[in-house]
Amino acid sequence: MPPVSFRAPTGTRDILPPESARVIALVARFAELCRRAGYGLVLSPLFEDVAVFRRSAGEESEVVKDEMYEFADKGGRALALRPEGTASVVRAYVQHRPPLPWKTWYVTPAFRYERPQAGRYRQHHQLGVEVLGTEDPDCDVEVIALLHDFLRALGLERLELKINSMGDAVCMPTYRAALVAYLGQHQSGLCPEHKERWRRNPLRVLDCKKAGCQQVRVGVPRLADWLCEPCRMHFARVRAGLDAIGIAWRIDDFLVRGFDYYTRTTFEFAALALDAAQNAVGGGGRYDGLAEQLGGPRTAGIGFGCGIERVLLACDAEGALGDLGGAVEVFVVDLTGGGAARDLTHVLRRAGIGAERAFDARSMKAQLKLADRSGARLAAIVGASELESATVTLRDLRADQRRQSVVARDRLLDEVRSWLAVPAQ
RNA sequence: GUGGCCGUAGCUCAGUUGGUUAGAGCGCCAGGUUGUGGCCCUGGAGGUCGGGGGUUCAAGUCCCCUCGGUCACCCCA
C-alpha cells in the first residue's frame, strides 16, 4: 500500500492530553453542579430518526435546512446525527413518560455541516440540561443559574447574560403578523438575502447584521410590546428571580435563537474575553410546545446547551482552568531490567498512590529525565545494590538540593506517604 | 455555500533577483558523567518543500489546477 496520510475530517479535531484533562475537569464540575441541583444524566443515541430533529428545530432553521449529517442505514431508515441536544431528550421524555418534573443533564458531541472557523466545528461537544414538566418561572431562574454558576466555577468572569421572551402560542402569532406587515412595508430596504426570506422566517431579520436590515429594524415592532399578559408576568418573574439571587442580565429585544421551538424565555451567555466572532458559550430557553410536536402530551420544558470548545477558548482567554495537576506522585527508576519497576508501581498504585515508570530498560539518565518530565514528586530508584539489600533509594525531585535516602523496600509505602506529607523545599 | 490570508522537519519558522547536497530554534534519541533529572556542551535521527501539471538549462522560489489549514460572512455552542 502506498503511504496515504489521513487527517481528522474537515471541521473536526482530536482532543489529546494534556488538553483532554481540561475536558474531564470541566465535565466533572458540571456533573457535580447538576447533582447538587437534583439533575440526572440522560444518555441517548447519537442519531435519531431525521424527523425528530426536523420537527423540533423546525424546517426553516438553518440547522435543518442544510447543516444536518443525514444518512440511511442498511435497513433504509432515514437517520441523522444529532445537531443539538434538546430534541433527543424530549423524544426520550415522550417515549418513557417519566414522573414530572423531569430534571436531566447531558454531555454529547453535536454535528453540523458548516464551514469551520474559530470556535466553530463540524463536530463539537455540548453539555446542557433539560427540564420537562413545569412552566414555573423559578425553574427558568434555576436553569439559568446553573449555567451561570458553572461558567463562574470554571473561573470565567467576563460574561454577559442576554435574555428575552419569545411569547407563547397566543401572542407570538399576533406579533409575527405585525412583524410581517411591517417588513412588507419596508421590504425594499432589507438586505438581499432577507428580501427573499423575510416572509418565511421574519424573526431572522431581527438579528441580521447587514446595514439594510439594521436600518429597517429601527422602527420595527418590538416583541416586548406584544406579549400577552401571562407571558409578560412570566418574564417579569424570571427577571425578578435572577435579581433575587444576584445574577446580572440584560434584555436583548433582538435575541432570536436559531431553533423554532423556543417560547417565552430565551437566554444566551457571551464570553466577552473572546474577540472571535463566535463568542456565545451557552444558550437556551423555554420550549413549551416541543413535547407535543414530537407526539407527546403538551408539556412545558426548558434547557440550555453549552459548547465545551468555546468554553475552553474563553478559559484560555481569561487564564482560567489552568494547572490541573494530573501528575503521578512517584516515578520508579529501575536499573535492574524492569522487574522491580513492575512490582513497585503495582504496589503503589494499589495503595492509591500514582506511580509511573519507564519501559524498555532505558539508561538511568533517561529514566530520571522521564521522571522529571512526568511531574512526579519522588523518584524511587532500584539498582543492583538496592535489589541485593531489599531497599529503595527515595529521591525528592522537587528539592533544589539533592535530597535522597535509602529505605527498606517493605517500608516503601510508609516512607512515600511521609515524604509526600512534607512540601518540597 | 461565498470571500481574504496561509501551506518548508513532530512544533514555531528562515530560505536572497529562480542556481550545488533545503536550514535554525524547540522537541525527540544518544553521549559528555560505567548509579542521579532540571542547566550546559557534543553528536544523531527526522523532509515526496501539501498534491498534480506547466514554464525553464535549472523551481521550495514563477504560472495554472487541486487538496488542506485558518479567519470572516452566514448560522450557532
Side-chain angles (χ1 to χ4, degrees), chain A residues 2-13 16 57 60-67 82-86 107-128 147 151 191-194 197 201 204 207-210 213 255-259 268-271 274-284 304-314 331 333-336 358 360 362-387 393-404 406:
Chain A
V4 187
S5 70
F6 293 106
R7 301 180 47 88
T10 296
T12 68
R13 67 187 193 117
L16 309 174
E60 281 303 318
S61 67
E62 303 299 323
V63 165
V64 164
K65 270 196 317 190
D66 43 34
E67 295 180 1
R82 76 164 48 122
E84 55 102 22
T86 302
V107 53
T108 180
F111 304 87
R112 292 177 205 166
Y113 191 88
E114 307 175 89
R115 284 291 287 268
Q117 69 185 82
R120 194 173 75 182
Y121 302 91
R122 289 185 176 174
Q123 174 176 347
H124 72 283
H125 300 83
Q126 285 190 29
L127 35 78
L147 179 52
L151 297 171
C191 78
E193 196 193 335
H194 285 111
R197 287 222 293 153
N201 201 347
R204 281 258 70 89
D207 68 348
C208 181
K209 290 165 198 133
K210 300 249 164 62
C213 291
L255 177 62
V256 176
R257 296 180 50 78
F259 302 127
E268 189 173 291
F269 281 89
L274 290 181
D275 51 5
Q278 314 296 336
N279 72 348
V281 290
F304 66 74
C306 175
I308 290 178
E309 285 81 359
R310 286 189 193 169
V311 168
L312 288 175
L313 287 173
F331 195 103
V333 173
D334 183 353
L335 308 173
T336 69
D360 303 314
R362 311 267 304 267
S363 70
M364 185 179 202
K365 178 173 179 161
Q367 290 190 52
L368 273 170
K369 193 174 275 196
L370 290 171
D372 185 47
R373 265 179 253 144
S374 76
R377 166 77 189 281
L378 302 175
I381 304 167
V382 179
S385 67
E386 287 91 345
L387 191 65
T393 297
L394 269 188
R395 174 162 167 67
D396 191 333
L397 293 172
R398 305 279 181 79
D400 292 334
Q401 314 271 316
R402 178 180 297 194
R403 196 166 86 82
Q404 65 181 38
V406 179

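Proteins get letters first, then strands, A, B, ... in listed order; numbering begins at 1 in each.
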Using the P atom as the reference point in each nucleotide, state the distance between B:A58 and B:G18 in Å, no decimals. 15 Å
B:A72 base to A:Arg115 side chain: any donor-acceptor pair below 3.5 Å? no
So, the side chain of A:Asp334 versus the backbone of A:Thr336: is there a donor-acceptor pair under 3.5 Å, distance only? yes
Answer with base, sugar-phosphate or nothing: what part of the nucleic acid does A:Gly128 contact at a heavy-atom distance below 4.0 Å? nothing
Could you check whether A:Arg362 gets within reach of a base, just the sugar-phosphate, or nothing at all, counting any heavy atom under 4.0 Å? sugar-phosphate
Could you work out, with side chain to side chain donor-acceptor pair (under 3.5 Å) as the rule, every residue matching A:Arg122, not counting sequence neighbours? none
Pairwise P distance for B:G69 and B:G54, with rounding to whole Å: 27 Å
Dump the pairs, protein N or O against N or O of nucleotides 37-43 of chain B, anything under 3.5 Å, distances to one decimal.
| from | atom 1 | to | atom 2 | distance (Å) |
| --- | --- | --- | --- | --- |
| B:G37 | N7 | A:Arg395 | NH2 | 2.8 |
| B:G37 | O6 | A:Arg395 | NH2 | 2.6 |
| B:G37 | N1 | A:Leu397 | O | 2.7 |
| B:G37 | N2 | A:Asp372 | OD1 | 2.7 |
| B:G37 | N2 | A:Leu397 | O | 2.4 |
| B:G37 | N3 | A:Asp372 | OD1 | 3.3 |
| B:G38 | O4' | A:Asp372 | OD2 | 3.2 |

Roughly how many Å apart are B:A22 and B:G46, using the P atom of each and rounding to a whole number? 14 Å
Would a 4.5 Å heavy-atom cut-off, applied to side chains only, mark A:Val63 and A:Phe259 as touching? yes
Could you tell me the separation between the CD atom of A:Gln278 and the P atom of B:C74, rounded to a whole number of Å? 10 Å
Which part of the nucleic acid, if any, lies within contact of A:Ala110, taking any heavy atom under 4.0 Å across all strands shown: a base, the sugar-phosphate backbone alone, or nothing? nothing
Check the distance between B:U70's P and A:Arg122's CZ and give it to me in whole angstrom. 11 Å
So, do A:Glu62 and A:Glu114 sit near enough that their side-chain heavy atoms are less than 4.5 Å apart? no
A side-chain contact here means heavy atoms from C-beta on lying under 4.5 Å apart; do A:Arg120 and A:Glu309 qualify? no
Pairwise P distance for B:C49 and B:C62, with rounding to whole Å: 15 Å
With heavy-atom distances below 4.5 Å as the criterion, would you say the side chains of A:Ile381 and A:Met364 are in contact? yes
Assess whether one donor atom and one acceptor atom, taken from the side chain of A:Gln367 and the base of B:U36, lie less than 3.5 Å apart. no
note: A:Arg13, atom CZ; B:U70, atom C1'; distance rounded to Å ~ 14 Å
Say you pick atom P in B:C65 and the same atom in B:C57; how far apart are they, in whole Å? 24 Å
Is the base of B:A77 stacked against the aromatic ring of A:His125, taking ring centres under 5.5 Å apart and planes under 30° as the test? no
Is it the case that B:C75 (base atoms only) and A:Glu67 (side chain only) share a donor and an acceptor within less than 3.5 Å, ignoring hydrogens and angles? no
Nearest of B:G1, B:A30, B:G35 to any side-chain atom of A:Arg120? B:G1
May I have the distance from A:Leu387 (atom CG) to B:G35 (atom P), rounded to whole angstrom? 15 Å
Regarding A:Glu114, tell me which of base, sugar-phosphate or nothing describes its non-hydrogen contacts under 4.0 Å with the strands shown. base
Starting at CD of A:Glu268, measure out to CG of A:Leu147 and round the result to the nearest 0.5 Å. 10.5 Å
Closest non-hydrogen atom pair, A:Ala379 against A:Leu368: CB-CD2, 4.2 Å
Report yes if the side chains of A:Phe331 and A:Leu370 come closer than 4.5 Å at any heavy-atom pair, otherwise no. yes
Could you check A:Glu386 against A:Ser61 and say which one's nearest nucleotide on RNA chain B is further toward the 5' end? A:Glu386
Can you tell me the distance, in whole Å, between the CZ atom of A:Phe6 and the C1' atom of B:G68? 15 Å
I'd like the P distance from B:G68 over to B:A59, given in whole Å. 28 Å
RNA chain B: A:Thr10 or A:Tyr121, which has the more 5' nearest nucleotide? A:Thr10
Whole-Å distance, A:Leu274 CG to B:A72 P, equals 11 Å
Side chains of A:Tyr121 and A:Pro116: closer than 4.5 Å at any heavy-atom pair? no
B:U36 P sits how many Å from A:Gln404 CD, rounded? 10 Å
Checking all strands, does A:Arg204 fall into the base, sugar-phosphate, or nothing category for heavy-atom contacts under 4.0 angstrom? sugar-phosphate
What integer number of Å spans the P atoms of B:C39 and B:G44? 22 Å
If you go through the side-chain atoms of A:Gln117, does one of them form a donor-acceptor pair with the base of B:C74 closer than 3.5 Å? yes
Just call it for A:Ala118: base, sugar-phosphate, or nothing, with non-hydrogen atoms closer than 4.0 Å on any strand. sugar-phosphate
Whole-Å distance between B:G35 C1' and A:Leu335 CG? 6 Å
In this structure, which stretches of RNA chain B are paired as stems of three or more consecutive Watson-Crick or G-U pairs, both distances less than 3.5 Å? B:1-7 with B:67-73, B:10-13 with B:23-26, B:28-32 with B:40-44, B:50-54 with B:62-66
Counting C-beta onward and ignoring hydrogens, is there a side-chain heavy-atom pair between A:Val311 and A:Leu151 closer than 4.5 Å? yes
Can you confirm whether the side chains of A:Thr393 and A:Glu386 place a donor and an acceptor under 3.5 Å from each other? yes
Whole-Å P distance, B:U42 and B:G25: 10 Å
